[in-house]
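Comments concern the structure below.
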Amino acid sequence: MEEFSPLLHGERVGLTGVDGNRPDSGPTGDVWTEFVVPRGAETVWTYADGLTAGRRALSSMTWFGHR
């Protein structure tokens, strides 16, 4: 993580799947967002709103055959 950006009280950011789909009842963040530099991990969700829109929100990495 390079930097994080705290969200204001009551502020939420939506998340978008790697397929670009943003479900109506999909996941949201309400504490902070992060500027992440991926190093070998695959993107699961990206931020849909706010300063970090379009950046990686959740990633997954296989390590020695395990996720």
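Note that the structure is predicted; figures quoted are calculated from it, not measured.
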Determine the sole option in Val31, Asp30, Thr33 for which the side chain to side chain contact (heavy atoms under 4.5 Å, CB included) test with Val13 is passed.
-> Thr33
Taking all atoms of both residues into account, what is the closest heavy-atom pair of Arg56 and Tyr47, and its distance?
-> O-CE1, 3.4 Å
Rounding to 0.5 Å, atoms OG1 (Thr62) and CD (Glu42) come to a distance of 6.5 Å
Thr52 versus Phe35, closest heavy-atom pair with distance | CG2-CZ, 3.6 Å
Determine the minimum heavy-atom distance between Leu51 and Ser5, stating which atoms define it.
-> CD1-OG, 3.6 Å
Shortest non-hydrogen separation from Arg39 to Met61 and the atoms involved = O-CE, 4.0 Å
Specify the closest pair of heavy atoms between Gly29 and Leu7, including all atoms of both residues, with the distance to one decimal.
-> O-CD1, 3.6 Å
Heavy atoms only: give me the nearest Thr28-Gly14 pair and the separation to one decimal.
-> CG2-CA, 4.3 Å
